[in-house]
Enquirer: 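Can you read through this structure? Questions will come right after.
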Number of protein chains: 2
Amino acid sequence: MDAAAADDRLDRAFMALADPVRRGIVARLSRGPATVTELAEPFDITTQGVSKHIQVLESAGLVTRSRDAQRRPVHLDAAALETLTEWIDRYRLIHEQRFRRLDALLASADGGDAAASAGQD
Amino acid sequence: MDAAAADDRLDRAFMALADPVRRGIVARLSRGPATVTELAEPFDITTQGVSKHIQVLESAGLVTRSRDAQRRPVHLDAAALETLTEWIDRYRLIHEQRFRRLDALLASADGGDAAASAGQD
DNA sequence: CGCTTTATCAACTAGATGGTTGTAAACGTA
DNA sequence: TACGTTTACAACCATCTAGTTGATAAAGCG
């Protein structure tokens, strides 16, 4: 997978979670597969609307659909969720390590004004 | 913070990360604060465009802006990133625990066909 | 005081998104 | 066969988004 494709995958996955209905669907699916009508039940929108939300989640790779007669049960793909936490945690940790270095510098230098220039990395 | 406000905060934060330019800004800010022109430099869009991206990140609580003469350095807020990983991990872990229970059931029952009905939870 | 740099605000456009209704396909059952 | 259930697809609409250009404000510098 090249960088552009990975970008696109992240775009869609984050976008998919930027909607309370779709997050509700993910939350429900974490407890096991469900059909479209089951997933639509808690929300005040049509099953067609929910079907479109599921398509968004599917194109983001967050869920998959199987087949059981005329039903199409939806399953959560936890690996895709992990990709998101990996992206976030990468930069969160870089940020925190930078803070720890800054703290160490402050502790050793003991000069308050030295922190301002150190902030430039 | 009530549920609707928390929902709105999550909406904005996930939405903010659903764009490669804004993720690039977050990645850059993990290495330290930067000005708007510095942040705009790697991208092929105007500083006005980048300024709007920063407003999106700010309204999502992911970054803050301070003041240094006519410059307005942007800082990353790692705590907001943590809120996102917490949301994702919550349902990822529920999903994985369910899988572990299913595995245990399969191991004790030893019946291949039993798995299909067990899948319904 | 002008000039430059840095950044924001306002207005606009093309395109995407979230919802609807209507139609139709696939499947099990009477 | 006919019927009900479940789901998808197409067309449509209101709203939002991402980018642009142009004007403006704030601060430093000649």
Side-chain angles (χ1 to χ4, degrees), chain A residues 4 7-26 28-29 32-75 116 120, chain B residues 4 7-26 28-29 32-60 62-76 116-117 119-120:
Chain A
D7 252 34
D8 195 58
R9 171 59 64 97
L10 280 176
D11 283 3
R12 296 199 221 209
F14 278 122
M15 183 62 147
L17 294 184
D19 181 289
V21 171
R22 288 193 292 260
R23 282 198 304 279
I25 290 174
V26 168
R28 166 62 186 82
L29 292 178
T35 65
V36 176
T37 34
E38 284 168 355
L39 290 171
E41 204 268 321
F43 301 105
D44 201 21
I45 56 179
T46 63
T47 55
Q48 286 95 326
V50 172
S51 189
K52 285 175 75 171
H53 278 301
I54 293 170
Q55 283 177 40
V56 172
L57 289 165
E58 189 178 29
S59 99
L62 291 172
V63 307
T64 56
R65 278 186 282 194
S66 56
R67 178 165 274 286
D68 166 30
Q70 75 269 42
R71 284 175 212 83
R72 308 290 304 280
V74 186
H75 310 255
Q120 287 301 105
Chain B
D7 253 33
D8 194 59
R9 172 58 65 96
L10 280 175
D11 284 3
R12 295 200 220 209
F14 279 122
M15 181 64 146
L17 294 183
D19 181 289
V21 172
R22 288 193 292 261
R23 283 198 305 278
I25 290 174
V26 168
R28 165 63 186 83
L29 292 178
T35 65
V36 176
T37 34
E38 283 169 356
L39 290 172
E41 204 269 319
F43 302 106
D44 201 20
I45 56 180
T46 62
T47 54
Q48 286 96 323
V50 172
S51 189
K52 284 174 75 172
H53 278 301
I54 292 170
Q55 283 177 40
V56 171
L57 288 165
E58 190 178 29
S59 100
L62 291 171
V63 307
T64 55
R65 278 185 282 192
S66 57
R67 176 166 275 285
D68 167 30
Q70 76 268 42
R71 282 173 213 84
R72 242 137 302 181
V74 186
H75 309 255
L76 188 64
S117 56
Q120 289 300 108

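Just so it is clear, the values below take in all heavy atoms, side chains as well, and ignore hydrogens, waters and symmetry mates. Letters A, B, ... are given to chains in the order of the sequence lines, protein chains preceding strands, and every chain is numbered from 1.
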Enquirer: With a cut-off of 3.5 Å and sequence neighbours excluded, list every side-chain donor-acceptor pair involving residues 40-49 of chain B.
Expert:
| residue | atom | partner | partner atom | Å |
| --- | --- | --- | --- | --- |
| T46(B) | OG1 | G49(B) | N | 3.2 |

Enquirer: Reading DNA chain C from 5' to 3', where do the contacts with chain A start and stop? Cut-off is 4.0 Å to heavy atoms.
Expert: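 Both ends considered, the range comes out as dT17(C) to dG28(C).
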Enquirer: Donor-acceptor pairs under 3.5 Å, side chain of residues 65-73 of chain B to any protein atom, not counting sequence neighbours: which ones?
Expert:
| residue | atom | partner | partner atom | Å |
| --- | --- | --- | --- | --- |
| R65(B) | NE | E58(B) | OE1 | 3.2 |
| R65(B) | NH2 | E58(B) | OE1 | 2.4 |
| S66(B) | OG | H75(B) | NE2 | 2.7 |
| R67(B) | NH1 | A69(B) | O | 2.8 |
| R72(B) | NH2 | Q70(B) | O | 3.4 |

Enquirer: Taking for each residue the nucleotide of DNA chain D bearing the nearest heavy atom, is the 5' side occupied by P73(A) or by K52(A)?
Expert: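 In this pair, the answer is P73(A).
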Enquirer: With a 4.0 Å heavy-atom cut-off, tell me which residues in residues 63-71 of chain B come close to DNA chain C, sorted by residue number.
Expert: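 Hits under 4.0 Å, by residue number: R65(B), Q70(B), R71(B).
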Enquirer: Supply the atom-to-atom distance I54(B) CD1 to K52(B) NZ, rounded to the nearest 0.5 angstrom.
Expert: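 I54(B) atom CD1 to K52(B) atom NZ measures 13.0 Å (nearest 0.5 Å).
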Enquirer: Mapping I45(A) and S51(B) onto DNA chain C by nearest heavy atom, which one lands closer to the 5' end?
Expert: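 So the residue in question is S51(B).
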Enquirer: Which of residues 14-25 of chain B have a heavy atom under 4.0 Å from DNA chain C?
Expert: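 Result for residues 14-25 of chain B: none.
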Enquirer: Between T47(A) and dT7(D), is there a side-chain N or O to OP1/OP2 distance below 4.0 Å?
Expert: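 No.
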Enquirer: Where is the tightest heavy-atom contact between A16(A) and A60(A), given as atom of each residue plus distance?
Expert: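 So the two residues come closest at CB-CB, 4.0 Å.
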Enquirer: Tell me the salt bridge (Lys or Arg N to Asp or Glu O under 4.0 Å) pairs involving residues 8-20 of chain B, sequence neighbours left out?
Expert: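 Every pair satisfying salt bridge (Lys or Arg N to Asp or Glu O under 4.0 Å) with a residue in residues 8-20 of chain B: R23(A)-D11(B), D8(B)-R12(B).
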Enquirer: According to side-chain contact (heavy atoms from CB on, under 4.5 Å), who are the partners of A34(A), at least two apart in sequence or on a separate chain?
Expert: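 Here the qualifying residues are R28(A), L29(A), E38(A), L39(A).
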Enquirer: Considering heavy-atom distances to DNA chain C, does Q55(B) or V50(A) have its closest nucleotide positioned more toward the 5' end?
Expert: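 So the residue in question is Q55(B).
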Enquirer: Just to be sure I understand the rule, does Q48(A) reach a base, reach only the sugar-phosphate, or reach nothing, if contact means heavy atoms closer than 4.0 Å?
Expert: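 Base, at least one base atom sits under 4.0 Å.
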Enquirer: Please report, rounded to the nearest Å, how far the P atom of dG19(D) is from the CG atom of D44(B).
Expert: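 D44(B) atom CG is separated from dG19(D) atom P by 10 Å.
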Enquirer: May I have the distance from H53(B) (atom NE2) to dT20(D) (atom C1'), rounded to whole angstrom?
Expert: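 Whole-Å distance recorded here is 12 Å.
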